[in-house]
Amino acid sequence: MGEQTTLTVTVTPDLGVGYFRLTDRPVAITREAGDGLLVDYDDAGGVIGVETLTLGEHLSPAVLAHLTGKASA
């Protein structure tokens, strides 16, 4: 059977930072994928996490409100 994947989302809206972790495997290398977007890879080259340093540019206000537990105005 295949490996189970659990998504973990960490959001710090005051800083505009979000981290989307796809698996528990350790990070082997982090590469910048664009302005404010970092991708973590494991030893085999698989993506294990994505961090955005510009969260508001990548998510709609409704999605951001859902992730932070705050109702949108």
Find the distance between [atom1] ([X]) and [atom2] ([Y]) and round it off to the nearest 0.5 Å.
X	Y	atom1	atom2	value
I48	R25	CD1	CZ	6.5 Å
E51	L38	CD	CG	5.5 Å
E57	T52	CD	OG1	7.5 Å
T6	D24	OG1	CG	6.5 Å

*Is F20 close to L7 at the side-chain level, that is, under 4.5 Å between some pair of heavy atoms?*
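Yes, at least one pair of side-chain atoms sits under 4.5 Å.
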*Non-hydrogen side-chain atoms of L55 and V11 separated by less than 4.5 Å*: yes
_Within one Ile-Leu-Val-Met-Phe-Trp-Tyr cluster: V63 and V50, side-chain cutoff 4.5 Å_ =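 Yes, V63 and V50 fall within the same hydrophobic cluster.
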Can I get a per-line list of side-chain donor-acceptor pairs under 3.5 Å for residues 28-37, giving both atom names and the distance, sequence neighbours left out?
| unit_1 | atom_1 | unit_2 | atom_2 | d |
| --- | --- | --- | --- | --- |
| T30 | OG1 | D40 | OD1 | 2.5 |

